[in-house]
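What follows is a single structure, written as structure tokens, with notes after it.
On a predicted model such as this, the values are computed, not experimentally measured, just so you know.
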Amino acid sequence: MVRDLKQLVKAYDVRGVVPDQWDESLAYAFGAAFVEVVGGSAVVVGHDMRPSSPSLSRAFAEGAASRGADVVEIGLCSTDQLYYASGSLDLPGAMFTASHNPAQYNGIKLCRAGAAPVGQDTGLSEIRELVESWLAAETDGKVHVPASDATPGTLSAKETLGGYADHLRKLVDLTAIRPLKVAVDAGNGMGGHTVPTVFDGLPLDVVPMYFELDGTFPNHEANPLDPANLVDLQAKVREVGADLGLAFDGDADRCFVIDENGDPVSPSAITALVAEREIARAQAAGEANPTIIHNLITSWTVPEVVRDLGGVPVRTRVGHSFIKQEMANTDAVFGGEHSAHYYFRDFWRADTGMLAALHVLAALGGQDGPLSALTAKYERYAASGEINSTVADQAAATEKVRAAYAGLEGVTTDELDGLTVAGPDWWFNLRASNTEPLLRLNAEAKDPAKMAELRDGVLAIVRG
């Protein structure tokens with residue numbers, strides 16, 4: 001097997017095809033390297049429902065134990081359940097999942113104690129380099145991890161689902177909500193494992209869809225960012241007259257929301273809704289001007305709402321490591337991304353779609369109107385959604401766009417993450433993919449006609 005760790009180790013995690021790009025031998029090496037780089041006398045390890053996950057996570061655990069770490073195996077879990085375990089046990093953690101990727105993929109999301117992120121700049125590069133040094137001695141398809149002087153650690157099992165559910169429900173008051181009918185599409189992913197326990201005892205009539213754990217994804221990919229994967233849920237909401245629909249991705253750390261009409265609610269609108277609730281909660285506890293983090297492709301609605309409520313909006317790059325770092329720097333109470341990742345200070349600054357879902361249920365159930373009316377005030381602009389263009393020379397195409405817009409009156413530009421260009425009532429961001437020859441466009445304007453004109457104008461330059 002020819003292994004290229006630069007293809008396997010991404011900016012924030014490890015991800016690739018099994019067994020073509022990696023296997024148990026490499027997982028063992030990652031476990032050993034993780035302990036050597038991150039340190040600690042114990043680690044917690046969990047995994048999703050993919051066919052390759054149990055054996056890969058066990059190999060990682062054995063590698064970690066070979067370096068003297070006691071390993072707490074929590075078994076089947078969502079990614080935010082692993083973050084709960086890392087936070088509550090104060091241990092470094094490893095979650096085996098490839099999130100929304102197809103069945104043949106698997107990966108590892110790593111964190112330090114307290115669910116602090118491990119990315120390229122916070123340990124992942126060192127882990128990769130250490131494993132690469134061991135790969136040089138590979139024979140017979142196995143990585144030869146050198147022996148350690150450490151006394152091998154132990155492997156033990158721990159149940160964390162109940163504690164995870166209890167912790168989330170302490171953070172959102174759902175005691176007084178009206179009864180709600182909610183359709184939930186777990187996509188055969190880990191939402192089918194967590195939703196029954198988290199929602200147990202609440203005044204919810206749950207209509208389950210694809211709750212059977214099946215890492216081959218027989219119904220549709222567990223990627224609700226693709227509108228095609230929301231079609232079944234939209235139809236079910238209309239069919240049963242549900243008050244709302246919830247769609248989780250494969251490892252159930254992201255949650256997408258559908259209103260009672262079967263229409264998707266923008267993740268930016270959900271960010272604004274949750275921000276309003278978290279600002280109110282923080283202010284009630286004596287925090288005068290709570291900080292809210294939002295990435296630069298969320299709607300302008302988000303910072304507007306935050307400022308209107310006396311909060312402080314802080315704009316960041318796209319990506320969980322940037323969000324978590326900025327939350328730590330500013331002590332932000334909440335952070336949201338347009339990709340439906342939602343981060344909470346009271347959840348170790350980690351992302352949890354389940355907690356965001358509970359906030360939506362509490363907001364909807366705390367008043368009598370439908371979800372579409374509740375979220376309408378957060379839908380102030382027309383948005384393009386993310387549009388990808390295949391471009392051979394990303395820098396050259398970006399420069400052409402900059403030249404076309406930068407000199408216009410009243411227009412500003414910045415390069416926090418790609419190129420952002422803003423006018424009086426519109427903006428767009430053009431970002432290069434880290435892994436593919438793509439440029440990603442997000443555009444927004446005060447009205448649909450202006451948004452379409454802006455979108456089409458930028459795309460004509462990029463693709464021309």
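With 3.5 Å as the limit, one finds a donor-acceptor pair spanning the side chains of D185 and H220. Between E73 and S57, the side chains place no donor N or O within less than 3.5 Å of an acceptor N or O (distance only, hydrogens not considered). Side-chain contact, S266 with E379: no donor N or O sits under 3.5 Å from an acceptor N or O. Between the side chains of Y83 and D253, no donor-acceptor pair of N or O atoms lies under 3.5 Å.
The backbone N or O of T154 sits less than 3.5 Å from a side-chain atom of D70, completing a donor-acceptor pair. With hydrogens and angles disregarded, a donor-acceptor distance shorter than 3.5 Å links the side chain of S25 to the backbone of V143. Formation of a donor-acceptor pair under 3.5 Å by the E260 side chain with backbone atoms of S372 is found in this model. Checked by atom type and distance alone, the side chain of T122 pairs as donor or acceptor with a backbone atom of G119 at under 3.5 Å. Proximity of a side-chain donor or acceptor of R50 to a complementary backbone N or O of T216 within less than 3.5 Å is not detected. The backbone N or O of L76 lies less than 3.5 Å from a partner atom in the side chain of H193, making a donor-acceptor pair. Looking only at distances, a side-chain donor or acceptor of S86 sits under 3.5 Å from a matching main-chain atom of A115. Between the side chain of D456 and the main chain of L459, no donor-acceptor pair closer than 3.5 Å is present. Judged by distance alone, with hydrogens and angles left aside, the side-chain atoms of N429 form a donor-acceptor pair with the main-chain N or O of D417 at under 3.5 Å. At least one donor-acceptor pair closer than 3.5 Å links the side chain of D243 to the backbone N or O of K181.
Residues Y12 and K109 are not in side-chain contact: their nearest non-hydrogen atoms beyond the backbone lie 4.5 Å or more apart. In this structure the side chain of R67 never reaches within 4.5 angstrom of the side chain of F34, judged on heavy atoms. In this structure, V45 and F60 have side chains that are in contact, with non-hydrogen atoms separated by less than 4.5 Å. Inter-residue side-chain proximity for S53 and N106 is flagged as met; some heavy-atom pair is nearer than 4.5 Å. Annotation: side chain of L438 is in contact with side chain of T390 (closest heavy-atom distance under 4.5 Å). With contacts defined as side-chain heavy-atom distances shorter than 4.5 Å, the pair R345/E278 does not qualify. Side-chain contact between T352 and S78 is absent, with no heavy-atom pair separated by less than 4.5 Å. Using a 4.5 Å heavy-atom threshold, the side chains of V17 and Y105 count as touching.
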E24/E62 under side-chain contact (heavy atoms from CB on, under 4.5 Å): CA gap, chis, key distance, verdict: CA-CA 10 Å; E24 287 79 5; E62 290 172 348; over 6 Å; no
side-chain contact (heavy atoms from CB on, under 4.5 Å), that's the test. Do T194 and F248 meet it? Break it down for me. CA-CA 11 Å; T194 57; F248 291 91; 5.9 Å; no
### Message
Apply side-chain contact (heavy atoms from CB on, under 4.5 Å) to residues Q325 and T316 and explain how you reach the verdict.
### Response
CA-CA 10 Å; Q325 185 59 54; T316 75; over 6 Å; no
- Query: Step by step, would you call L244 with V360 a side-chain contact (heavy atoms from CB on, under 4.5 Å)?
  - Reply: CA-CA 10 Å; L244 76 163; V360 173; 3.9 Å; yes
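Residues forming a side chain to side chain donor-acceptor pair (under 3.5 Å) with R169 (at least two apart in sequence, or on another chain): none.
Remark: D351 engages K324 in a salt bridge, criterion side-chain N to carboxylate O under 4.0 Å. For R281 and D346, the salt-bridge test passes: some basic side-chain N is under 4.0 Å from an acidic carboxylate O. Using a 4.0 Å cut-off between a side-chain N of Lys or Arg and a carboxylate O of Asp or Glu, E337 and R254 do not qualify as a salt bridge.
With rounding to the nearest 0.5 angstrom, the CG atom of D249 is 8.0 Å from the NE2 atom of H100. Within the model, atoms CD of Q21 and CG of L8 stand 6.0 Å from one another, a figure rounded to the nearest 0.5 Å. Rounding to the nearest 0.5 Å places CZ of F96 at 13.5 Å from CG of D251. Y342 contributes atom OH, which lies 15.5 Å from atom CZ of F347 (distance to the nearest 0.5 angstrom). The distance from the CE atom of M190 to the CE atom of M49 is 7.0 Å, given to the nearest 0.5 Å. Summarising the geometry, atom CG belonging to L171 is positioned 9.0 Å from atom CG belonging to L358; distances are rounded to the nearest 0.5 Å.
Annotation for A362 and V172: closest pair CB-CG1, 3.6 Å, computed over non-hydrogen atoms. Nearest heavy-atom pair across L124 and K10 is CD2-O, 3.4 Å. In plain terms, the two heavy atoms of L439 and A397 that are nearest each other are CD1-CB, 3.7 Å. In plain terms, the two heavy atoms of D232 and Y210 that are nearest each other are OD2-OH, 2.7 Å. Taking every heavy atom of both residues into account, L374 and Y378 meet most closely at O-CE1, 3.7 Å. Residues F217 and P102 share a closest heavy-atom pair of CE1-C, 4.3 Å.
Checking each of E132, Q120, E129 against V9 for a side chain to side chain contact (heavy atoms under 4.5 Å, CB included) leaves exactly one that passes, namely Q120.
Taking the centre of each ring, H320 and Y343 stay at or above the 6.0 Å mark. Checked against the 6.0 Å centroid criterion, the rings of H359 and F334 do not qualify as a close aromatic pair.
More than 12 non-hydrogen atoms from other residues, nucleotides or ligands lie less than 6.0 angstrom from CG of D205.
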